[in-house]
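The block underneath contains the structure these notes are about, expressed in structure tokens.
Chain identifiers are assigned alphabetically (A, B, ...) following the order of the sequence lines, protein sequences preceding nucleic acid strands; residue numbering begins at 1 within each chain. Values in this document were obtained by computation on a predicted structure and should not be read as measured data.
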Number of protein chains: 2
Amino acid sequence: MADDDAALDVAFTALADPVRRRIIARLSHGPATVNELAEPFEISKQAVSKHIQVLEQAQLVTRSRDAQRRPVHLNPARLEALTAWIDRYRLVREGQFRSLDAVLESSAGHTAPTAKDRK
Amino acid sequence: MADDDAALDVAFTALADPVRRRIIARLSHGPATVNELAEPFEISKQAVSKHIQVLEQAQLVTRSRDAQRRPVHLNPARLEALTAWIDRYRLVREGQFRSLDAVLESSAGHTAPTAKDRK
DNA sequence: CTGTTGATCAACCTTTTAGTTGATTATTGA
DNA sequence: TCAATAATCAACTAAAAGGTTGATCAACAG
């Protein structure tokens, strides 16, 4: 649970940056080196290298070795954990949670004061 | 594009925090007030209020009015944009991107440096 | 061995984020 | 009117994130 939570933290954080999302997009066309990935951006390749480390920690990418190069590969499998989390709440139906809510939330509709008057 | 990108930024950023994810999870059971949402956490309700503003900016939640209360509602529709983005890359197959990669490496596009012999 | 290329490390700077406490606004019920 | 409740605003702090430059490391090619 806490493990999952930490994993989701690093994964969502990794995707919360436009540079890293563009790196992901690029990698969906095949592996690439740091220099190749850095080219479309205005920032230094050191900065890109850091971004890749973030993605690697999130296990969204992996790296291999090819002489001096360390090609980066997309790891699509990890993305599943994110869609799994999102879908859990995305697929909630109106009627479903409304009736559940009525039971769980002290049986008060949201148009009437709730039972939590005390402080 | 840039609009989408900015929207993805705020949305992924919003989910990159465990407190905000727990708020989402709670809201999937029905609307709740700031005080109710703050209760399970150690942090102040001002902090929770800020988290809700982040979620609201990302359009992941909406708010209504009920006397002094401003109940927060989940907006599952917005989560679709995130799964849509993720699925674009999650569903890439091994063989598919491997062959695409071969094409990119030969045509070189704007990332020319791959022309250096790979192995 | 020497030079070049690909990539990372280290130190530093600036902006953003998550949190705090204290005061303020808004709405209600008595 | 007035006290109580729900929530936000304002100012501040501490830590994290994204970026920079300069030095260093690793793996070849001559």
Side-chain angles (χ1 to χ4, degrees), chain A residues 5-6 9-23 27 31-58 61-73 105-106 108 110-119, chain B residues 5-6 9-23 27 31-58 61-73 111-119:
Chain A
D5 215 47
D9 261 23
V10 293
F12 277 122
T13 299
L15 295 188
D17 183 285
V19 171
R20 289 193 290 262
R21 284 199 305 279
R22 279 179 62 191
I23 289 175
L27 290 176
T33 65
V34 171
N35 279 332
E36 288 163 4
L37 291 171
E39 208 190 322
F41 300 103
E42 304 271 294
I43 61 181
S44 68
K45 76 173 180 177
Q46 286 94 327
V48 172
S49 191
K50 282 189 190 176
H51 280 303
I52 292 169
Q53 283 174 35
V54 171
L55 290 168
E56 197 176 10
Q57 266 208 299
V61 304
T62 58
R63 319 202 60 175
S64 54
R65 182 111 222 179
D66 171 24
Q68 307 103 316
R69 299 174 190 79
R70 276 150 218 159
V72 186
H73 309 255
E105 297 302 309
S106 69
H110 68 281
T111 52
T114 61
K116 302 185 64 65
D117 288 31
R118 58 147 195 90
K119 160 106 197 257
Chain B
D5 215 49
D9 262 22
V10 294
F12 277 123
T13 300
L15 294 189
D17 182 284
V19 171
R20 289 194 288 261
R21 285 200 304 279
R22 280 179 63 191
I23 289 175
L27 289 176
T33 65
V34 172
N35 279 331
E36 287 163 5
L37 290 170
E39 209 187 322
F41 299 103
E42 306 268 294
I43 61 181
S44 69
K45 77 171 180 176
Q46 285 96 327
V48 172
S49 191
K50 283 188 189 176
H51 280 303
I52 292 169
Q53 284 174 34
V54 172
L55 290 169
E56 198 177 10
Q57 265 208 302
V61 304
T62 57
R63 321 201 60 174
S64 54
R65 182 112 221 177
D66 171 22
Q68 307 102 316
R69 298 172 191 79
R70 275 149 219 159
V72 186
H73 310 255
T111 54
T114 50
K116 300 181 186 251
D117 293 333
R118 278 171 55 80
K119 229 184 233 175

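Distance, A:Q57 CD to D:dA16 P: 13 Å, rounded to whole Å. Atom P of nucleotide C:dT28 and atom CZ of B:R69 are separated by 10 Å, given to the nearest angstrom. Here the P atom of nucleotide D:dC28 and the CG atom of A:D66 are 9 Å apart, to the nearest Å. Here the C1' atom of nucleotide D:dA16 and the CG atom of A:D17 are 14 Å apart, to the nearest Å. One atom, CG of A:L15, and another, P of D:dG18, lie 12 Å apart when rounded to the nearest Å. One atom, CD of B:Q53, and another, C1' of C:dT16, lie 16 Å apart when rounded to the nearest Å.
Minimum atom distance to the side chain of B:S49 is reached by D:dT8, of the listed D:dT8, C:dT8, D:dA6. Side chain of A:V19, nearest nucleotide from C:dG6, D:dG19, C:dT27: D:dG19.
Closest of all the heavy-atom pairs between A:R20 and A:T13 is NH2-O, 3.0 Å.
Side-chain contact between A:T33 and A:D66: absent, with no pair of heavy atoms (C-beta onward) separated by less than 4.5 Å. Counting heavy atoms from C-beta outward, A:Q53 and A:S49 have side chains that approach closer than 4.5 Å. Side chains of A:R65 and A:R70 form a contact here, defined as non-hydrogen atoms less than 4.5 Å apart.
Phosphate proximity of C:dA7 to A:R65: absent, as no side-chain N or O sits under 4.0 Å from OP1 or OP2. The side chain of B:N35 contributes no N or O atom lying less than 4.0 Å from OP1 or OP2 of D:dT5. A sub-4.0 Å separation between OP1 or OP2 of D:dT8 and a side-chain N or O of B:R63 is present. Distances shown here put every side-chain N or O of B:H51 at or beyond 4.0 Å from the OP1 or OP2 atom of C:dT17.
In terms of position along DNA chain D, the nucleotide closest to A:V48 lies nearer the 5' end than the nucleotide closest to the other residue of the pair A:V48 and A:Q68.
Between B:R22 and A:D5, none of the side-chain N atoms (NZ, or NE/NH1/NH2) sits under 4.0 Å from a carboxylate O, so this pair counts as no salt bridge.
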Under 4.0 Å protein heavy-atom contact, by nucleotide of nucleotides 20-25 of chain C - B base, S sugar-phosphate only = BBB---

